[in-house]
Amino acid sequence: MKVWGAHGEFCARHQWEVIVATLALLACAASVERHASGQGSERCAGWARACPGLEAEYQAADAVIMTIVRCSALLYAYYQVSNLQKIASKYLLIIAGVFSTFASFIFTSALASLFWTELASIKDAPFLFLLVADVARGARMAKAGWSAGEDQGKRVGRALSLLGPTATLDTLLAVLLVGVGGLSGVPRLEHMCTFACLALMVDYLVFVTFYPACLSLVADFASGKKDLTGDNPFMETDLKPNPVVQRVKMIMAAGLLCVHLTSRWPWARDNGMIDGSLSNSFKQSPHDNVLLHSYIKWFSVSADYLVIATLLCALIIKFIFFEEQRNWVIDMNDLTVKEVVHNDKPVFTLGEDVKTDAGIQTEDLLGYDEAEWPTLSPSSSVAKLNSKKRPMAECLEIYRSEGDCTSLSDEEVVMLVEQSHIPLHRLEVVLCDPLRGVRLRRRVISSRFQTEDAIKTLPYLNYDYSKVMNACCENVIGFVGIPVGYAGPLVVDGKPYMVPMATTEGALVASTNRGAKAIGPRGVTSVVEDIGMTRAPAVKLPNVVRALECRQWLDNKENYELIKEAFDSTSRFARLQEVHIGVDGATLYLRFRATTGDAMGMNMVSKGAENALKVLKKFFPDMEVISLSGNYCSDKKAASINWVKGRGKRVVCETTVSAESLRTILKSDAKTLARCNKIKNLSGSALAGSIGGNNAHAANMVTAIFIATGQDPAQNVTSSNCSTSMEVCGENRDELYVTCTMPCLEVGTVGGGTVLTGQSACLEILGVKGAGVRPAENSARLGSLICATVLAGELSLMAALVNSDLVKSHMRHNRSTVNVQGSTNDMTLKVPKL
């Protein structure tokens with residue numbers, strides 16, 4: 001690697017010397033006249049004279065083989081052209097094509113005319129050039145050279161150090177493979193294969209000497225001009241080849257070398273062939289002549305099959321091993337090679353897999369430093385990121401004229417951010433690339449607050465930030481992964497569900513799962529009422545008299561219809577149900593309550609309330625809107641009004657647990673659990689003055705499902721209001737009747753965090769993704785599933801409390817053995833000796 005790097009850097013830094021020396025050698029070769037030795041034709045004539053009757057067979061085999069070779073050459077050329085656009089832009093393809101043709105045709109023809117006159121006049125030379133010229137390799141090298149930037153010598157040298165060893169082995173393998181055709185005995189095929197081997201070797205020598213020098217020179221002349229590398233970063237599938245593929249190549253090369261040695265080594269021939277005269281070899285016994293005649297006849301007839309099989313095997317090997325869907329990026333900053341992901345669509349993954357394009361067949365990259373990755377998105381290129389930093393005035397002019405920063409490098413964008421020309425929160429917008437915006441924001445934040453080490457450990461790759469923008473979060477610097485488990489199957493209204501729960505609390509999923517198992521096939525029955533979302537603006541009138549007049553005006557049915565019309569006009573789904581008015585002196589709290597379809601509806605109701613206030617102000621111009629929300633809603637706060645009047649969805653679930661399940665699964669009985677529920681969830685909560693807290697731990701299940709399905713986690717304050725009831729029932733009074741009542745469950749299946757990939761998948765698992773056939777159908781079903789899961793969790797925890805299993809389960813699920821032992825040892829050390 002180091003030798004290749006030094007050689008490539010030498011060629012790139014001494015451009016004119018290498019170019020002039022190569023052209024001088026070419027001129028010398030072209031000026032020398034050599035006569036044909038005629039050995040090739042004499043050899044073929046000797047074969048014909050020695051084996052009478054074979055001439056027609058050779059002509060037939062020659063015609064068949066050459067037809068196949070020509071067709072294969074055309075097909076291969078078409079294959080190369082159709083796939084080259086994946087490697088580089090059309091400008092680089094022109095550069096690479098010109099140089100590849102120059103190397104294969106001009107240099108090879110000059111050497112052929114110097115040493116083998118008969119080879120210089122081969123009419124099938126154009127087909128050979130199609131097969132031999134590796135334009136794809138030239139395009140990759142051209143892209144690396146064009147993206148070189150200010151230190152192109154070192155960087156082109158580094159690129160050659162990565163391409164050189166693979167090119168050497170590929171050339172050796174190709175020469176040995178093509179050289180097999182020289183053993184066929186078919187004259188034109190022998191000439192073609194000899195010429196092809198010469199072209200391969202010359203192309204290789206030019207590629208590692210003349211080519212880097214010219215590319216470096218082109219990069220110098222084109223410095224500062226339009227980027228020709230295209231939109232994609234420099235990616236190379238063979239820069240860091242698979243060791244298995246390399247071993248296969250070496251084994252093939254060794255095998256082909258053995259074939260050549262056994263076929264061409266002098267001792268492999270009999271005494272009559274040592275002097276080089278083919279005709280003398282047939283002066284042996286008639287038996288030998290017959291055997292040799294039969295062998296040559298068989299070989300001449302089967303030559304086309306041999307060539308077809310060889311080409312077919314070569315294409316299969318190339319498709320399987322050499323065309324791996326693995327992308328490698330040359331980072332020209334620290335001269336390292338890294339694998340990135342391409343996804344089927346640009347998911348801004350490395351994969352995506354960034355995706356992405358597709359998905360990223362790579363190792364876990366979440367802990368890598370973003371500085372190690374030059375670009376991971378389709379809209380950026382290595383040339384842009386590695387170009388010379390331009391002055392502030394020029395960068396600012398480009399930004400203002402174009403309206404975005406897509407043509408600026410990372411360094412230039414950071415410079416504009418630090419000079420306050422670009423707000424840090426607008427990076428995704430001005431870059432038109434969410435992933436690049438997140439990456440640069442991490443860079444600025446880590447430098448500004450000296451948090452490099454902490455930022456590095458925060459994952460940010462393999463995430464679709466395009467769905468986050470203007471929907472879920474701002475000033476994004478990464479994401480936090482939360483494990484998702486499932487509880488179930490939990491039968492709700494006759495249908496089994498696997499309920500996803502995102503949590504970091506050990507034993508929670510296991511406990512809920514135990515409750516679902518105890519419920520069993522009897523399942524849970526649920527009823528859901530769509531109460532609607534609320535928003536309560538605070539408005540102030542000049543005095544209490546005007547406040548009373550406003551209140552009475554709203555109580556009038558005709559006036560209410562005006563307000564409702566204004567409210568409903570703001571949305572296809574928002575439908576106003578009532579305006580409940582609270583009074584505090586001259587201040588009125590107008591609690592608008594409206595159904596919102598399958599959306600949670602907070603923004604929808606706020607928009608409708610704002611429009612309704614505009615209509616109300618026309619009739620009461622002296623009314624002052626103090627706040628769009630006066631906390632009478634009440635949102636994300638424990639409030640009696642939500643507990644009494646409801647908010648969102650009012651859900652009630654019930655089930656009956658059999659005595660067998662109580663005994664075998666919960667290790668308890670109906671009487672014990674009912675008694676514990678009365679003392680704990682009813683009396684204990686009342687003594688504490690809890691609002692909506694008549695439950696064991698409803699917030700646990702609510703929050704876990706909220707996070708998994710993209711709900712607003714802060715609304716668990718209200719949504720976790722739950723009243724759990726347990727009663728003894730059954731003929732033998734040994735069964736347990738359980739109900740959970742949740743009057744203000746605020747959920748939605750569209751909008752907000754439900755659009756994110758992971759959360760959307762969890763909704764899909766439950767079968768409630770998106771809008772239902774009927775308004776609020778899916779959101780209501782989600783509410784019933786949450787309440788049923790709460791019931792399962794309540795049942796399991798109550799059983800654990802009466803059996804003293806709570807601490808044991810948490811120690812088992814929430815702590816590792818090492819941590820427990822370590823804590824025990826620490827406590828032991830602190831005990832003083834008596």
Side-chain angles (χ1 to χ4, degrees), residues 12 89 91-92 143-156 215-234 329-335 348 369-452 455 460 465-466 469-470 474-477:
S89 65
Y91 303 102
L92 289 181
K143 195 162 190 177
W146 192 271
S147 302
E150 58 187 72
D151 192 11
Q152 68 275 6
K154 185 176 181 181
R155 292 168 179 174
V156 171
L215 288 178
S216 181
L217 186 63
V218 171
D220 281 346
F221 286 150
S223 178
K225 294 185 179 181
K226 181 181 178 180
D227 174 33
L228 303 182
T229 58
D231 292 331
N232 296 323
F234 176 58
V329 171
I330 293 185
D331 188 348
M332 295 298 178
N333 291 321
D334 57 5
L335 301 178
F348 307 102
D369 179 14
E370 63 274 5
E372 300 177 359
W373 297 86
T375 181
L376 302 175
S377 62
S379 61
S380 302
S381 68
V382 173
K384 296 176 183 178
L385 303 183
N386 294 319
S387 59
K388 186 176 181 180
K389 187 176 180 180
R390 288 166 286 194
M392 167 68 74
E394 182 179 354
C395 296
L396 188 58
E397 179 63 26
I398 293 174
Y399 168 53
R400 290 174 175 173
S401 61
E402 296 181 358
D404 55 45
C405 296
T406 55
S407 60
L408 299 180
S409 67
D410 285 0
E411 294 291 340
E412 293 166 345
V413 173
V414 171
M415 177 176 62
L416 292 179
V417 170
E418 292 179 344
Q419 295 297 323
S420 300
H421 294 292
I422 299 177
L424 195 58
H425 67 274
R426 284 183 52 81
L427 277 175
E428 292 89 346
V429 177
V430 300
L431 291 172
C432 302
D433 186 343
L435 179 59
R436 190 182 175 199
V438 173
R439 180 166 52 82
L440 293 187
R441 183 179 294 110
R442 289 164 60 95
R443 180 174 171 180
V444 173
I445 292 297
S446 61
S447 175
R448 184 177 296 177
F449 297 99
Q450 302 299 315
T451 57
E452 290 86 352
I455 291 291
Y460 82 103
Y465 294 104
S466 62
M469 293 176 58
N470 303 319
E474 300 77 35
N475 286 331
V476 180
I477 58 174

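Basis for what follows: all heavy atoms, side chains included, without hydrogens, waters or symmetry-related copies.
- Going from atom CZ of R426 over to atom CG of L431 covers 10.5 Å, rounded to the nearest 0.5 Å.
- The minimum heavy-atom distance between E428 and V438, with the atom names listed, is OE2-CG2, 3.8 Å.
- We find the OG-CG distance between S466 and D433 to be 10.0 Å, quoted to the nearest 0.5 Å.
- With values rounded to the nearest 0.5 angstrom, E397 atom CD is found 10.0 Å from E402 atom CD.
- Annotation for V417 and R448: closest pair CG1-NH2, 4.4 Å, computed over non-hydrogen atoms.
- Annotation: side chain of L416 is not in contact with side chain of V430 (no heavy-atom distance under 4.5 Å).
- The shortest non-hydrogen separation linking I445 to T451 is O-OG1, 3.9 Å.
- When side chains are defined from C-beta on, E394 does not count as touching E412, because their heavy atoms never get closer than 4.5 Å.
- Side-chain contact between Y399 and V413: absent, with no pair of heavy atoms (C-beta onward) separated by less than 4.5 Å.
- Taking the side chain as every heavy atom from C-beta outward, Q419 and L396 never approach each other to under 4.5 Å.
- Listed for the R442 side chain is a donor-acceptor partner under 3.5 Å among the backbone atoms of I455.
- Side-chain contact between R436 and D410: present, with at least one pair of heavy atoms (C-beta onward) separated by less than 4.5 Å.
- Between the side chain of E474 and the main chain of H425, no donor-acceptor pair closer than 3.5 Å is present.
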Check the pair V429 / M469 against side-chain contact (heavy atoms from CB on, under 4.5 Å), numbers first and verdict last.
-> CA-CA 9 Å; V429 177; M469 293 176 58; 4.2 Å; yes

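- Once rounded to the nearest 0.5 Å, the distance linking NZ of K389 with SG of C395 reads 8.0 Å.
- Using a distance-only test at 3.5 Å, with no hydrogens or angles considered, a donor-acceptor pair links the side chain of S401 to the main chain of I398.
- Nearest approach of R390 to L408, heavy atoms of both residues: NH2-CD2, 3.6 Å.
- Minimum heavy-atom separation, V476 to Y465: CG1-CE2, 3.5 Å.
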